[in-house]
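Report on one structure; see the data block that follows.
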Amino acid sequence: GMMRMTPEINAKLLPAAKPEGPAEVRCITCHRGLTDPRTIDRVLLDEASRGSVDGTIKKYCELGGEHYGEAGYDFSPGPLIQVSETLVEQNKDVDGGLAVARLAGELNPESARAHVMLGQILARKGDKPAAIASLEKALALEPDNRWVQRLLAQMREPAK
């Protein structure tokens, strides 16, 4: 089905989109060298839906061992942050989201976004000192980030 769809995209849909310069859809466009075209965040969320977050983290580590440095999966902090947020917000799995956010921070200590996500989840769990510490790490990495500055200021406000 996908192989029949590709010529139609190239012959009809791409010309209608009027791309600048030559454009062509090929197998690599979606599959990125993989037989299964799902992105890493989708693979991890599918894994999370089948069981514990431990299996999700194990799957991430397996994929990293097999595919790190290739075009197949995005091993930047973004997908882990997205999985963490989805686990918390959509799946109501705060502990699972926290575990994935911790992994994102450990693997990407220079990612302010990873520290922010971890801080937000820690705050949600009621661990204010750890949340502040995580946001402080984020702010140290991005001192001009006004959003992090506001989050940290809110976190430091005394409870009413």
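As a basis for the values below, the full set of heavy atoms in this structure was taken, side chains included, without hydrogen atoms, waters or symmetry mates. What you see is a predicted model; the values in this text were computed from it and never measured.
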Check your understanding: Do other residues, nucleotides or ligands put more than 12 heavy atoms under 6.0 Å from Lys58 NZ?
Key -> no

Review point. Which hydrophobic side chains are connected to Leu141, either touching it within the sub-4.5 Å cutoff or through other members that do?
Key: none

Review point. Between Tyr73 and Tyr68, is the ring centre distance below 6.0 Å?
Key: no

Review point. Hey, any chance Met117 and Leu107 share a hydrophobic cluster, counting ILVMFWY side chains that come within less than 4.5 Å of each other, even indirectly?
Key: no

Exercise for review: Following the transitive rule for hydrophobic clusters with a side-chain heavy-atom cut-off under 4.5 Å over Ile, Leu, Val, Met, Phe, Trp and Tyr, establish whether Ile57 and Ile81 coincide in one cluster.
Suggested key: no

Point to revise | Glu142/Arg113 salt bridge by N-O under 4.0 Å criterion | key: no

Check your understanding: Transitively linked via ILVMFWY side-chain contacts under 4.5 Å: Leu45 with Leu103?
Key -> yes

Study note, to complete from the structure: Between Leu135 and Val116 the two heavy atoms that sit nearest each other are CD2-CA, 4.0 Å

Check your understanding: Does CZ belonging to Arg50 count more than 12 external heavy atoms closer than 6.0 Å?
Key -> yes

Practice item. Could you pull out the closest heavy-atom pair between Leu87 and Ala48, with the gap in Å? Key: CD2-CB, 3.8 Å

Practice item. Can you sort out the partners of Gln149 under side-chain hydrogen bond (donor to acceptor under 3.5 Å, both in side chains), two or more places apart, ordered by chain and number? Key: none

Review point. Any donor and acceptor pair, going by atom type alone, linking the side chain of Asn91 with main-chain N or O of Asp93 inside 3.5 Å?
Key: no

Review point. Between Arg156 and Glu136, is there a side-chain N and carboxylate O pair less than 4.0 Å apart?
Key: yes

Review point. Is Lys128 reaching over with its side chain to a backbone N or O of Met155, donor-acceptor style, under 3.5 angstrom?
Key: yes

Check your understanding: Is a donor on one side and an acceptor on the other found under 3.5 Å between the side chain of Asn108 and the backbone of Glu110?
Key -> no

Practice item. For the pair Ser134 (side chain) and His115 (backbone), establish whether a donor and an acceptor sit closer than 3.5 Å, ignoring hydrogens and angles. Key: yes

Practice item. May I ask you to decide if Pro15's main-chain N or O and Lys18's side chain share a donor-acceptor pair within less than 3.5 Å? Key: no

